[in-house]
Amino acid sequence: MEKKYIGVGVIGLGVVAGQVSKVLCEREEFLSAQLGFPLKLKKVKVLPQDMTRPLAKSLPEGVLTTDEDDFFNTPGLDIVVEAIGGEYPAFNLLSRGLKMGKCVVTSNKEVIAKHAPELVKLAKDNNVGIRCEASVGGGIPLISPFQYDLAANHIKGIYAIINGTTNYILTRMAKEGLDFATALKQAQSLGYAEANPSNDIEGTDAVYKLAIMASINFQCVVKPEDIYREGISRLTSRDFCYADELGFNIKLLAITKPGNGQIEARVHPVFLPKDDWLAKVDGVFNAVLVEGDLVGPVLFQGQGAGALATSSAVVADVLAAAQDIHLGVGNRMRWNMDKPLGIKPMSDILTRYYLRMTVTDSPGVLALIAKVLGDHSISISSVIQKETDEKNLTAEIVIMTHPAKEAFVQQALVKLGGLDKVKEINNFVRVGI
C-alpha cells in the first residue's frame, strides 16, 4: 500500500546525526522530488543538554524530543536513523525500531560488526529493512556495490585502507620523516585523531569495518574478536627510511580473502610497492580494492569520515529505505550469514617479511642469522647493513625474505631474540598482499 509520505526519525544530534537532520530538513523538497513522493523529518531524539545547541534551535518546532517512548511512538514514523555510535544503547534502540516494524539506518560500525546476526534476524522476522552503508568507508559507496553491483562475482580479495587517522599519520611519517608521537600530535591538532586515539592507531576501528565487509561479501559471520589485529604504534621513522630505499610505502591494511573453505581476515601494517594502487592513497583518504573474478580489480576511494561525507551515505540509505516502503517491499538485505566459513589462523598466513634488528658488529653474525632463518624454512631475499655504532660495536641490519609461513617467522624471531649476537629485534612488517 502506498503511503502519502515517509516519516523519518533521527536518534542523536552529534556531528553525523546533526548533519543528517540538517540535510533532511534543508533538502526536503529536493529529496522528495528524487523519490517522487514526500519525505519528512518527523522526530529527533536528543539528550537534554542538546536542546540548547544552535542546530537544535534551527530545527522545526515540535521535532525535538528527549523521551525515547515519545520518539518511537511518533505517528507516521517509518524509518529510524541511529548515528550516536558505540555498542549500547545503540543496539537496544535499533532492536526496538525493528521490533516495531520500522526500517532502520545506522552509521554505527561497532554495533553492526558485533550484532549483525541479531539485527538482520530481527529485520527478516519483521519484514523490514536494515541499512548500514555509512558504517564502512563513510561517504564511499561500498555496502551497496557489495550487495548488488558485484553480486555476480566470486570475490577473490578485499584490501582496504579504511581508517583515515592512521593513513594520515603514516603519510606524515613517510613524507616528512616524523616519528610516530609527533605525527599523532599533528593529527590530533588538526582534528583527524581523537584525544584518545587507541581505537584508530591500534587497528580496532579497521577491525570493525573489516568484519562487516567480510561478513557481507562471504555471507558468513566474522566476529571482530576473530580478526588478527596489529596497529601502527611500533613503526618508527627508521622503518620508513628503509621502506623508501627498498621501493615501498607502509600502509595499515584490512585484508580478507577466501581459500580452502576458510577466509583470511587481518589488520596490520604492510609494505606495499610504491606503484601499487593503495600505496598511493595518502592523507585522510580511504580506499578499498576489491578483486572480483568477473570484474577484475575495482578501486573505491574517497573521504572515509566527516559529517558531510557520512551524511551522504546515511541519507542515501534513507532514500533507499523510503523507496522500499513506498513500494511495499520488505527486507532486501542480501546477508544470509549461513556459510560455515572459519577464519584462517594467522599462523598459517603465507607472505614476505621485513625484519630489522640490531646485532653485534662482528664476523659471522649474518651467517648465524641466515642459519636460524633457514632452519625455519625462511629464505632471504636481500640484506641491508648501513648503521654502525662504533662505540657499542653494534650494527643495524634489514632483511627482506621470500614468502614464508607466519608460524615459522614467529618461531625464528623467538630463536633470534635469544642469541647473544642479536641485541634487539627492532621491528618486523609483512610485505605485499
Side-chain angles (χ1 to χ4, degrees), residues 3 5-14 16-21 23-24 31 35 39-46 63 65 68-136 138 142-144 146-147 208-209 211-212 215-216 310-337:
K3 291 173 59 65
Y5 69 86
I6 302 298
V8 184
V10 178
I11 300 174
L13 202 67
V16 174
Q19 182 64 33
V20 169
S21 295
V23 170
L24 290 173
L31 297 175
L35 289 169
L39 183 75
K40 295 182 179 295
L41 177 65
K42 297 290 292 183
K43 216 70 169 178
V44 179
K45 164 69 175 67
V46 300
V63 163
T65 182
E68 183 180 318
D69 291 334
D70 179 43
F71 174 82
F72 279 104
N73 292 320
T74 299
L77 188 67
D78 304 294
I79 302 171
V80 172
V81 177
E82 179 275 312
I84 58 175
E87 185 175 4
Y88 296 103
F91 172 70
N92 298 328
L93 294 168
L94 289 168
S95 298
R96 181 173 181 178
L98 291 169
K99 289 175 183 177
M100 293 179 69
K102 303 180 188 302
C103 291
V104 300
V105 171
T106 179
S107 61
N108 191 326
K109 54 187 172 285
E110 182 175 1
V111 79
I112 292 296
K114 292 181 176 180
H115 296 286
E118 302 101 301
L119 293 172
V120 170
K121 185 177 186 303
L122 280 175
K124 289 181 177 179
D125 289 347
N126 292 279
N127 196 33
V128 289
I130 175 171
R131 293 180 176 272
C132 56
E133 181 64 64
S135 65
V136 182
L142 287 171
I143 303 299
S144 183
F146 290 156
Q147 287 277 297
Y208 291 151
K209 296 169 181 176
I212 296 169
S215 296
I216 289 177
T310 305
S311 69
S312 171
V314 172
V315 175
D317 272 351
V318 169
L319 295 179
Q323 188 72 56
D324 288 347
I325 295 169
H326 185 73
L327 296 175
V329 178
N331 180 21
R332 289 199 295 136
M333 190 73 165
R334 191 181 63 83
W335 196 349
N336 297 317
M337 297 182 291

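Nothing here was measured: the structure is a model prediction, and the numbers come from that model.
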Could you tell me whether the side chain of [Y] reaches within less than 4.5 Å of the side chain of [X], counting heavy atoms only?
X	Y	result
Cys103	Asp324	no
Val318	Arg131	no
Asn108	Phe91	no
Lys102	Leu77	yes
Ile84	Leu93	yes
Leu35	Gln323	yes
Glu133	Leu142	yes

Looking at every heavy atom in both [X] and [Y], which two are closest together, and how far apart are they?
X	Y	result
Tyr208	Ala113	O-CB, 3.5 Å
Leu41	Ser21	CD2-O, 3.9 Å
Val314	Ser107	CG2-CB, 4.0 Å
Glu110	Gly86	OE1-CA, 3.6 Å
Ser135	Lys209	O-CG, 3.8 Å
Gly129	Leu98	O-CD2, 4.0 Å

request  = Assess whether side chain to side chain contact (heavy atoms under 4.5 Å, CB included) is satisfied between Phe72 and Lys99, documenting all intermediate values.
outcome  = CA-CA 11 Å; Phe72 279 104; Lys99 289 175 183 177; over 6 Å; no

ask   = Going through the distances and angles, do Ile143 and Ile212 end up as a side chain to side chain contact (heavy atoms under 4.5 Å, CB included)?
value = CA-CA 9 Å; Ile143 303 299; Ile212 296 169; 4.0 Å; yes

Would you compute the distance between atom [atom1] of [X] and atom [atom2] of [Y] and round it to the nearest 0.5 angstrom?
X	Y	atom1	atom2	result
Ile130	Lys124	CD1	NZ	11.0 Å
Lys121	Asn126	NZ	CG	9.0 Å
Leu13	Lys45	CG	NZ	11.0 Å
Tyr88	Lys114	OH	NZ	8.5 Å
Leu31	Ile6	CG	CD1	13.0 Å
His115	Leu122	NE2	CG	12.0 Å

key: Sole candidate of Val104, Thr106, Leu119, Val111 that passes side-chain contact (heavy atoms from CB on, under 4.5 Å) when paired with Cys132   =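 Among the candidates, only Thr106 passes.
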
request  = Check the pair Asp317 / Val81 against side chain to side chain contact (heavy atoms under 4.5 Å, CB included), numbers first and verdict last.
outcome  = CA-CA 9 Å; Asp317 272 351; Val81 177; over 6 Å; no

key: Pair Asp69 + Arg96, salt bridge at N-O below 4.0 Å   =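 Arg96 and Asp69: salt-bridged.
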
task = Check the pair Met100, Asn73 against side chain to side chain contact (heavy atoms under 4.5 Å, CB included), reporting the backbone distance first and the verdict last.
result = CA-CA 9 Å; Met100 293 179 69; Asn73 292 320; 3.8 Å; yes

